[in-house]
Amino acid sequence: MTVQEIWKSGMQFLSICVVYYAVQLIRCALFSFAVSAVVFTLRKTVLKKQVFLKGAAWSLFLPVLLVGRLRFFYESSAGVKLFSWLTAACMNHVWLCALYFGGAALYAVLLLSRRRRAAKMVRGMEKRTVEGTLVYVTKLPVTPSTIGVFRPRIVMPEIILKEYDRKEIRTILLHEKTHLRLGHLLCYFLWDILRILLWPNPLLAVGARYLREDMEEICDRVTIRRSRGNAYDYGQLLLKSMRVLQAEGKEFNLYASFAGDREYRSVRQRVAGIARYKPYKRRMAAGAFAVAALYVVTAAVWIREGSYGRSNPVTGIVVYDMEAGTELVNDREALRKAVCYDEAYIYIKEEGFRELLQNCSTADGDICIYIGGYYKLPGIGGGGGFGYLDEAVLDEGILKIEYKKQRDMFDCIFQWI
């Protein structure tokens, strides 16, 4: 292959990858609206006082990223009516797909740059060992918090180290360590990734605050239990933190202690939750986790069974409507009688072929005859060979189309990914 041919193949490969993944992610984003409505409703109604189950409800979002290859979009009347326009738009306007990934990239820069700035600021803080734990001390009147996913760091304001007794400091540190132990920082990071990939859904940005509220509520309960204290003392510690930090800094934003929630309403809800605290058994929390895990596994298996595989072989002759991205005729006996091919051309008996398409309202320029190869999604694939009906030459009732084979390094990569 010449350099120009390699460049052309590379650009085609990039284009088809952009279309393939954009189609799936946009479908996932649309589905996430429904899941957002379900989760937001559950946490405000039947699960309002079920702290651990309310936290487990966020696992409903995990399978959303798997729905993009469901057969539902192509093989059900509802799926075709609701989503065929999306497939057609993406396949015919690659720039729309590029725009989607451009938006995701900008959102990623916005979210990840915040994390990077915070991490850079923490690295410049003084290190101290407090109650056997390495902490980063800041003179700013901010709440104790833990940042980082792979290298988490606990941040403590100097004023708290000065004003609090050892028992109170141990409780604060226990709270931060509980966040780490329960994997909350990883949850927040994964949520940011979900927000980036499905950025057209603004409800995911709203959900970030709700997620933190629910994780804080779980952390409060686990900390109270692990500290062997009582809810009253723990609530007093929270209110004391607010008073101390507010007195230290005029621009204090009434953050919830230990977490960094930004609104007074969140703080008030958190205090109310602590006031409702009742001793619980560990199997309650384990049960909520088990329910969430069972749901995720079951949903993933169900979605996998109802989805197209990574690579699906095309063993026969398929006629596609490229405008809609749907199959018109798939390897029927009548189709095999009407179509044959050799190494150079595809031959079609016009009369018999037109009869097969008589119920299909599509233009000749949109029809592609695909022979062999594989497909990732109907209308998106490679290998084998193809020909477009509008390029046919009619000769004594036989439509003759150049048989274009497609199989190169980029095609092999696309089949694998």
Side-chain angles (χ1 to χ4, degrees), residues 18-48 54-70 72-73 79 82-83 85-87 89-90 93 95-118 147 149 184-217 253-256 259-270 292 295-296 299 303:
V18 166
V19 171
Y20 174 62
Y21 288 110
V23 166
Q24 294 183 67
L25 288 174
I26 294 174
R27 289 169 180 165
C28 294
L30 294 175
F31 263 75
S32 70
F33 279 93
V35 178
S36 298
V38 171
V39 173
F40 292 178
T41 301
L42 287 175
R43 66 183 300 275
K44 288 295 185 180
T45 55
V46 295
L47 299 181
K48 186 174 183 178
K54 183 167 59 175
W58 292 96
S59 64
L60 291 172
F61 282 97
L62 291 177
V64 169
L65 290 175
L66 305 177
V67 303
R69 295 205 306 257
L70 281 174
F72 163 79
F73 299 110
L82 293 175
F83 297 97
W85 62 271
L86 169 62
T87 305
C90 290
H93 304 286
W95 64 271
L96 290 175
C97 303
L99 183 64
Y100 184 92
F101 283 107
L106 289 175
Y107 202 15
V109 170
L110 174 64
L111 293 180
L112 299 181
S113 62
R114 291 177 183 174
R115 288 177 172 272
R116 185 175 181 181
R117 286 197 300 270
I147 70 169
V149 179
H184 290 170
L185 272 67
L186 179 60
C187 290
Y188 301 151
F189 180 70
L190 293 177
W191 186 261
D192 281 348
I193 292 177
L194 187 72
R195 290 171 63 184
I196 291 168
L197 294 177
L198 309 183
W199 64 268
N201 183 359
L203 296 179
L204 298 179
V206 176
R209 178 167 61 88
Y210 293 156
L211 173 65
R212 287 183 177 273
E213 288 178 2
D214 293 346
M215 296 302 105
E216 282 300 324
E217 195 169 4
N253 291 320
L254 289 178
Y255 292 150
D261 291 328
R262 298 181 178 180
E263 299 179 6
Y264 173 72
R265 184 176 61 181
S266 297
V267 178
R268 183 178 62 185
Q269 290 176 349
R270 186 176 171 195
Y295 160 75
V296 171
I303 292 173

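Worth knowing before you read on, the calculation uses all heavy atoms, side chains too, and leaves out hydrogens, waters and symmetry mates.
Note that CD of Q24 and CG of L66 are 10.0 Å apart. Values are rounded to the nearest 0.5 Å. In this structure, CG on L204 lies 5.0 Å from CH2 on W191, to the nearest 0.5 angstrom. Atom CG of L65 sits about 7.5 Å away from atom CG of L25, to the nearest 0.5 Å.
Shown here are the side-chain hydrogen bond (donor to acceptor under 3.5 Å, both in side chains) partners of W58, two or more places apart in sequence or in another chain: D214. The salt bridge (charged side-chain N to carboxylate O under 4.0 Å, His left out) search around R115 returns D192, not counting sequence neighbours. Here F83 pairs with F73 under the ring-ring contact (aromatic ring centres under 6.0 Å, His included) rule; sequence neighbours left out. A search for ring-ring contact (aromatic ring centres under 6.0 Å, His included) contacts involving Y20 returns F414, not counting sequence neighbours. With sequence neighbours left out, R27 forms a side-chain hydrogen bond (donor to acceptor under 3.5 Å, both in side chains) with Y74, T87. Residues forming a side-chain contact (heavy atoms from CB on, under 4.5 Å) with C187 (at least two apart in sequence, or on another chain): none. For the side-chain contact (heavy atoms from CB on, under 4.5 Å) test, residues two or more places apart in sequence or in another chain that qualify with L42 are V38, V46, L47, L60.
Taking all atoms of both residues into account, the shortest heavy-atom contact from K54 to E217 is NZ-OE1, 2.9 Å. When all heavy atoms are compared, the tightest approach of V67 to C28 is CG2-SG, 3.8 Å. Minimum interatomic distance between S32 and L198 (heavy atoms only, all atoms of both residues): CB-CD1, 4.1 Å. Closest of all the heavy-atom pairs between P63 and Y295 is CG-OH, 3.6 Å.
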Please list every donor-acceptor pair under 3.5 Å in which a side-chain atom of residues 98-112 meets a protein atom from a residue at least two apart or in another chain.
residue : atom : partner : partner atom : Å
Y100    : OH   : L197    : O            : 2.5
Y107    : OH   : R195    : NE           : 3.2
Y107    : OH   : R195    : NH2          : 2.8

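Using a 4.0 Å cut-off between charged nitrogen and carboxylate oxygen, R212 and E216 do not count as a salt-bridge pair.
With respect to F61, the side-chain contact (heavy atoms from CB on, under 4.5 Å) criterion is satisfied by exactly one of V39, L211, V296, L190: V39. Screening T41, V64, L203 for a side-chain contact (heavy atoms from CB on, under 4.5 Å) involving S36 leaves a single residue, L203.
Contact check for L96 versus C90: no side-chain heavy atoms found under the 4.5 Å cut-off.
For residues 95-112, there are no salt bridge (charged side-chain N to carboxylate O under 4.0 Å, His left out) pairs, not counting sequence neighbours.
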